[in-house]
Novice: 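Right, I'll just put the structure down here and ask away after.
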Number of protein chains: 2
Amino acid sequence: MHNGCVPEETRRQPTIKDVAAAAGVSISTVSHVYSRARPISEPTAARVTAAAEALGYIPNPSAASLRGGQVGIFGLVLRPRNAVHGSLSGTETFTRFSGAAAAATLATGRGLLHVPNVLAEKARRVAMDGCIVMGPYERDDVVAALKKRHVPVVCADVDPSNPDDPWAVHVDYRPAVEQLLSAAASGGAQRLALIAGSEANNWTMSTRGTIQEWCSAAGLSLTAHDLFEGVGSTGAEGLAFDLLGSSTPPDTIVVSSTRFAGGVLAAAKRLSIRIPEDLRVCALTDSALTRDAEPSITSLDLLLEDQAKACVDLLIRALSEGSPPLQPVIVTPQVRWRASLGSPGEGAP
Amino acid sequence: MHNGCVPEETRRQPTIKDVAAAAGVSISTVSHVYSRARPISEPTAARVTAAAEALGYIPNPSAASLRGGQVGIFGLVLRPRNAVHGSLSGTETFTRFSGAAAAATLATGRGLLHVPNVLAEKARRVAMDGCIVMGPYERDDVVAALKKRHVPVVCADVDPSNPDDPWAVHVDYRPAVEQLLSAAASGGAQRLALIAGSEANNWTMSTRGTIQEWCSAAGLSLTAHDLFEGVGSTGAEGLAFDLLGSSTPPDTIVVSSTRFAGGVLAAAKRLSIRIPEDLRVCALTDSALTRDAEPSITSLDLLLEDQAKACVDLLIRALSEGSPPLQPVIVTPQVRWRASLGSPGEGAP
DNA sequence: TTGAAAGCGCTAACAG
DNA sequence: CTGTTAGCGCTTTCAA
């Protein structure tokens with residue numbers, strides 16, 4: 001046996017002509033059997049199908065798209081830098097999103113193309129009907145490049161500089177973040193520390209804004225720290241250790257990435273600080289790292305599956321109608337209550 | 001401002017004709033400027049480029065592929081069931097692999113298509129020049145379906161039922177697994193337990209085989225347990241708790257997925273068993289869960305980036321030459337030594 | 001160094 | 001219900 005992945009003789013792929021000849025019909029009949037664009041009699045359709053099956057025929061999508069315009073492919077760009085390197089934080093967020101986006105795209109008969117770097121010259125050769133950009137930065141240059149190439153773009157979470165973009169799936173972090181904060185407050189929180197990522201995307205910027213507003217309205221003290229996501233749990237551990245060892249340590253720490261949460265836990269352990277009794281902790285996204293931590297960490301489920309599905313729907317609308325929906329598309333993250341924040345209190349559902 | 005993702009007037013994409021007219025040359029000249037298939041004089045090329053730039057022209061890849069045959073797209077199928085649901089184990093393994101595969105593919109000017117389910121009828125419409133299947137099962141039906149559709153297939157890690165497949169990137173787990181075992185043995189291991197996933201892929205089957213052989217040759221006792229990956233760390237914790245509480249508890253536990261490792265750690269903690277003094281632990285893949293665990297867990301780095309790159313190279317060979325490489329392509333995983341197994345001993349490099 | 005023209009495989013009028 | 005035919009945008013001979 002040959003174990004070959006390629007047919008021994010490089011036999012030309014059968015075309016619509018071959019099928020038409022074998023079935024004794026015209027090529028347009030064959031075409032219509034596949035496109036269902038017009039009714040074909042039962043016996044004819046059966047003959048065509050049989051012939052196609054026998055020859056191993058599959059319609060050439062390039063040829064089909066040449067006429068019809070669309071190529072049957074959506075692109076996906078994951079913006080947060082750490083998405084590319086699986087070893088950094090946020091891994092689960094991106095897997096969940098791309099898996100869901102791929103499934104939703106495939107359900108429409110299209111494919112989802114993973115595009116690490118649209119700006120690269122090489123990438124210009126790959127065709128897309130539209131593109132989903134997850135977590136765009138302020139005035140995102142990838143989005144700009146795509147638009148210049150006439151590629152319809154839909155964003156998952158809005159570009160912070162374009163907050164009313166009707167072609168984005170808006171993520172409303174506010175309600176969940178406020179639930180988190182009021183739960184902390186009702187548990188006795190006085191001094192908050194925020195350890196957030198340093199990227200200029202809406203997740204980082206909007207949650208920080210909400211927290212600042214809420215704290216100042218509620219009269220809680222807040223110190224905010226930006227930490228490059230790449231420093232991982234070790235980096236967060238160092239920062240948390242310093243904070244917790246200072247003369248005025250925080251009693252509540254909110255972290256953005258789940259790897260930061262691990263670092264905070266480690267620092268607390270080294271200092272024999274009990275969670276949630278002495279220190280409350282919560283994270284602004286969810287992953288195995290927070291679910292399985294000891295103690296488990298209250299965090300935000302960003303509902304990535306919903307976001308992905310909504311993006312695909314929006315992109316299809318852009319392609320078919322061209323006009324944006326009248327109401328913005330909104331996804332509202334949910335709090336997953338766990339041990340690290342004490343009891344949910346009045347903030348819980 | 002309109003915030004539009006689609007141009008206000010749905011203006012037809014400029015074609016090669018428009019560029020030719022604007023530059024005052026023939027369409028074949030424009031074509032050759034882009035394909036570099038024949039020399040074009042400097043001033044002419046400049047005029048064409050300028051015209052194309054002004055019009056925002058990009059060559060239509062569908063049209064190009066109609067003639068040339070290839071569509072510039074590789075498919076990627078992640079076989080392990082838990083790869084689809086980001087929330088289960090192995091997340092990082094698949095992100096790393098697909099990120100690396102996407103980068104390697106893009107570097108060749110092609111795109112990487114995420115294919116959740118090739119068997120679905122809908123998926124037949126998406127075109128691929130070839131497909132990478134990661135972690136195929138025994139007599140994998142996805143691989144079979146792809147081959148039936150004349151799609152060249154390359155596997156990352158071999159189909160266990162086709163161990164000499166020249167169109168696979170072979171992963172040789174043996175050396176690293178043996179290093180792990182001899183380190184455990186030189187640390188005093190006597191009674192081993194293996195908690196492996198239940199999927200019939202080569203990772204699971206080959207490592208289990210090596211461990212069984214090695215233990216019987218070295219005279220160590222071994223009990224092997226299959227656990228569905230979906231049970232996660234909680235499932236593994238329950239099993240480990242029972243094992244460690246039995247009358248003849250293991251002194252070494254090897255787990256396949258990193259989430260299982262977390263469960264083992266939790267069980268040991270509940271029973272006040274010290275690691276690595278009383279119990280040695282190691283995992284057969286690596287992730288944030290093992291790197292950041294307390295104590296950190298010795299595990300296998302599967303070198304997913306190398307695997308992905310090798311797959312892309314192999315697929316390109318299949319497309320261009322059609323004949324398999326004379327020597328099998330092999331990737332050899334590396335042990336990442338950490339606290340949970342004690343000192344590496346003689347097994348370490 | 002460049003142009004003209006014949007398709008690539010398929011879709012979509014337009015006829016019958 | 002089915003067949004004929006003119007392209008879709010580009011590549012690629014073949015001429016000039």
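Computed from a prediction, not measured in an experiment: that's the story for all the values here. Chain naming here is simple, since letters A, B, ... match the order of the sequence lines and numbering starts at 1 in each.
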Novice: Whether A:Thr29 contacts D:dG3 is assessed here as follows: a side-chain N or O lying under 4.0 Å from the phosphate OP1 or OP2. Is that the case?
Specialist: yes
Novice: Rounded to the nearest 0.5 Å, what's the gap from CZ on B:Arg110 to CG on A:Leu113? Could you check?
Specialist: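 It is 13.0 Å, given to the nearest 0.5 Å.
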Novice: Think A:Tyr57 has a side-chain N or O under 4.0 angstrom from the OP1 or OP2 of C:dC10?
Specialist: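 Yes, within the criterion.
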Novice: Using a heavy-atom cut-off of under 4.0 Å over every strand shown, decide if B:Ser31 touches base, sugar-phosphate, or nothing.
Specialist: base
Novice: If you check every side-chain atom of B:Ile40, which of C:dT2, C:dC10, C:dT1 has the closest atom?
Specialist: C:dT2
Novice: Check whether any side-chain nitrogen or oxygen of A:Thr44 sits under 4.0 Å from OP1 or OP2 of D:dT2, and answer yes or no.
Specialist: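 Answer is yes, contact under 4.0 Å.
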Novice: If I take atom NE2 in residue B:His32 and atom C1' in nucleotide C:dT2, what distance separates them, rounded to the nearest angstrom?
Specialist: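 To the nearest whole Å, that distance equals 10 Å.
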Novice: Hey, which sits more toward the 5' end of DNA chain D by its nearest nucleotide, B:Val30 or A:Ser26?
Specialist: A:Ser26
Novice: Out of D:dT11, C:dC8, C:dG9, which has the shortest distance to the side chain of B:Ile16?
Specialist: D:dT11
Novice: How long is the straight-line distance from CZ of A:Arg317 back to OG of A:Ser323, given to the nearest 0.5 Å?
Specialist: 4.5 Å
Novice: Should A:Thr15 be listed as having a side-chain N or O under 4.0 Å from OP1 or OP2 of C:dG9?
Specialist: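 For C:dG9, OP1/OP2 do not have a side-chain N/O of A:Thr15 under 4.0 Å.
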Novice: What is the distance from NZ of A:Lys17 to C1' of C:dG9, rounded to the nearest Å?
Specialist: 8 Å
Novice: Assuming nearest nucleotide by heavy-atom distance, tell me which of A:Ile27 and A:Ser41 is located more 5' along DNA chain D.
Specialist: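 Comparing both residues, the 5'-ward one is A:Ser41.
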Novice: Between C:dG9 atom P and B:Asn60 atom CG, what is the distance in whole Å?
Specialist: 17 Å
Novice: With no hydrogens and no angle check, do the side chains of B:Ser28 and B:Ser31 hold a donor and an acceptor under 3.5 Å apart?
Specialist: no
Novice: Please confirm whether any donor atom in the side chain of A:Ser28 sits under 3.5 Å from an acceptor in the base of D:dT4, or the reverse.
Specialist: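 Answer yes: a donor N or O sits under 3.5 Å from an acceptor.
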Novice: I need the CG-C1' distance between A:Leu66 and D:dC10, as an integer number of Å.
Specialist: 8 Å
Novice: Just how far, in rounded Å, is P of C:dT1 from CZ of B:Arg47?
Specialist: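 Rounded to whole Å, this separation is 15 Å.
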Novice: When A:Asn202 is tested against each of A:Asn162, A:Asp159, A:Asp157 for side chain to side chain donor-acceptor pair (under 3.5 Å), which residue passes?
Specialist: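 Only match with A:Asn202 under side chain to side chain donor-acceptor pair (under 3.5 Å): A:Asp157.
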Novice: Can you check side-chain contact (heavy atoms from CB on, under 4.5 Å) on B:Val71 and B:Met128, steps first, answer last?
Specialist: CA-CA 7 Å; B:Val71 294; B:Met128 307 180 276; 5.6 Å; no
Novice: Kindly point out which of C:dC10, C:dT1, D:dT12 is positioned nearest to the side chain of A:Ala64?
Specialist: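 Of the candidates, C:dC10 comes closest.
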